Chemist: 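I have a structure I would like to understand better, so I am pasting it below and will then ask my questions one at a time.
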Amino acid sequence: AQLVESGGGSVQAGGSLGLSCAASGFDFNAYAMGWIRQVPVKGLEWVSTISTGGDTTNYADSVQGRFTISRDHAKKTLYLQMNSLKPEDTATYYCAALIGSMPSMTTSPGGDSVAYWGQGTQVTVSS
């Protein structure tokens with residue numbers, strides 16, 4: 001199984017970035033998917049998750065209304081559109097295939113909730 005993220009980079013506050021995650025080697029359509037981010041000294045946190053069918057999405061309170069998660073089953077690709085970016089959004093963003101149902105946004109991502117991880121892509125937002 002492989003998840004390959006792309007689209008990270010640097011942007012000024014208020015700007016936008018779009019992340020993509022290409023999946024291969026497993027049945028993408030059978031997994032709920034999510035984006036996780038890691039900030040040094042803060043650990044891992046859920047950003048957003050999406051159901052297998054794409055009809056249910058969840059967002060962390062900190063990104064609600066600014067970020068949009070989506071998936072394309074034909075392309076086996078997960079997306080995250082990030083608008084109105086803030087310096088506190090600076091982090092390494094990971095794409096993840098989830099174990100079972102979508103987890104609560106308040107839990108910590110880990111081995112009991114994530115089946116596969118991407119390699120991560122850096123997003124840096126300057127003020």
Side-chain angles (χ1 to χ4, degrees):
Q2 191 172 23
L3 295 168
V4 179
E5 298 101 336
S6 60
S10 298
V11 65
Q12 289 193 326
S16 298
L17 280 175
L19 304 182
S20 298
C21 171
S24 62
F26 67 101
D27 187 358
F28 175 77
N29 296 342
Y31 284 79
M33 298 292 296
W35 290 96
I36 297 162
R37 66 187 181 187
Q38 182 172 32
V39 178
V41 309
K42 284 189 66 177
L44 296 167
E45 63 177 10
W46 292 105
V47 176
S48 181
T49 59
I50 187 167
S51 61
T52 53
D55 54 330
T56 301
T57 57
N58 290 327
Y59 296 93
D61 289 344
S62 58
V63 306
Q64 181 76 47
R66 300 187 296 120
F67 290 12
T68 302
I69 191 171
S70 61
R71 65 191 298 168
D72 186 320
H73 290 99
K75 294 182 179 180
K76 297 182 180 180
T77 301
L78 179 72
Y79 302 98
L80 185 68
Q81 179 62 39
M82 304 182 293
N83 298 328
S84 302
L85 282 160
K86 304 176 180 180
E88 51 264 43
D89 294 318
T90 295
T92 301
Y93 284 73
Y94 296 92
C95 169
L98 308 184
I99 296 172
S101 59
M102 295 158 63
S104 165
M105 291 287 102
T106 60
T107 61
S108 296
D112 60 345
S113 56
V114 178
Y116 309 118
W117 293 82
Q119 84 285 358
T121 186
Q122 179 67 33
V123 171
T124 302
V125 185
S126 58
S127 57

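Computed from a prediction, not measured in an experiment: that's the story for all the values here. Only this structure's heavy atoms are used, side chains among them; waters, hydrogens and symmetry mates stay out.
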Chemist: How far does CE of Met102 sit from OG of Ser48, to the nearest 0.5 angstrom?
Modeler: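 The CE atom of Met102 sits 7.5 Å away from the OG atom of Ser48.
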Chemist: With sequence neighbours excluded, what pairs up with Asn58 under the side-chain hydrogen bond (donor to acceptor under 3.5 Å, both in side chains) test?
Modeler: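 Checked Asn58 against side-chain hydrogen bond (donor to acceptor under 3.5 Å, both in side chains); zero matches.
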Chemist: Output yes when a side-chain donor or acceptor of Gln38 lies under 3.5 Å from a complementary backbone atom of Ala91, and no otherwise.
Modeler: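 Checked: no pair found.
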Chemist: For Thr52, is there any backbone N or O sitting under 3.5 Å from a side-chain donor or acceptor partner on His73?
Modeler: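 Present.
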Chemist: From Asp72 CG over to Asn29 CG, what is the distance, rounded to the nearest 0.5 angstrom?
Modeler: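 CG of Asn29 is found 9.5 Å from CG of Asp72.
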Chemist: What's the separation between atom OG1 in Thr90 and atom CZ in Arg37, rounded to the nearest 0.5 Å?
Modeler: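 It comes to 9.0 Å.
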Chemist: Of all heavy-atom pairs between Thr107 and Ser104, which one has the smallest distance, and what is that distance?
Modeler: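 Closest pair (atom of Thr107, atom of Ser104, distance): OG1-O, 2.8 Å.
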Chemist: Keeping Arg66 on the side-chain end and Ser84 on the backbone end, is there a donor-acceptor pair under 3.5 Å?
Modeler: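 Checking the backbone N and O of Ser84 against the side chain of Arg66, a donor-acceptor pair under 3.5 Å is found.
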Chemist: Give a yes or no answer on whether the side chain of Gln12 reaches the backbone of Ser126 with a donor-acceptor pair at less than 3.5 Å.
Modeler: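 Looks like no, no N/O pair under 3.5 Å.
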Chemist: How long is the gap from CD on Gln2 to CD on Gln119, to the nearest 0.5 Å?
Modeler: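 Result: 8.0 Å between the selected atoms.
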Chemist: Step by step, work out the side-chain contact (heavy atoms from CB on, under 4.5 Å) result for Met105 and Thr49.
Modeler: CA-CA 8 Å; Met105 291 287 102; Thr49 59; 3.5 Å; yes
Chemist: In Å and rounded to the nearest 0.5 Å, what is the CZ to OG1 distance from Arg71 to Thr57?
Modeler: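 OG1 of Thr57 is found 12.0 Å from CZ of Arg71.
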Chemist: Just how far is it from atom OG of Ser113 to atom CG of Leu44, taken to the nearest 0.5 Å?
Modeler: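 It is 9.5 Å, given to the nearest 0.5 Å.
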Chemist: Which atoms form the tightest heavy-atom contact between Pro103 and Leu98, and what is the distance?
Modeler: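 Taking Pro103 first and Leu98 second, the nearest heavy atoms are CD-CD1, 3.7 Å.
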Chemist: Share the residues that join Met82 in a hydrophobic cluster, the rule being Ile, Leu, Val, Met, Phe, Trp or Tyr side chains under 4.5 Å apart at the heavy-atom level.
Modeler: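 In the cluster with Met82 are Leu3, Val11, Leu17, Leu19, Phe26, Phe28, Tyr31, Met33, Trp35, Val47, Ile50, Tyr59, Val63, Phe67, Ile69, Leu78, Leu80, Leu85, Tyr93, Tyr116, Val123, Val125.
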Chemist: Would you please name every residue forming a side-chain hydrogen bond (donor to acceptor under 3.5 Å, both in side chains) with Asn83, sequence neighbours left out?
Modeler: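 Partners of Asn83 by the side-chain hydrogen bond (donor to acceptor under 3.5 Å, both in side chains) criterion, ordered by chain and then number, come out as Ser16, Gln81.
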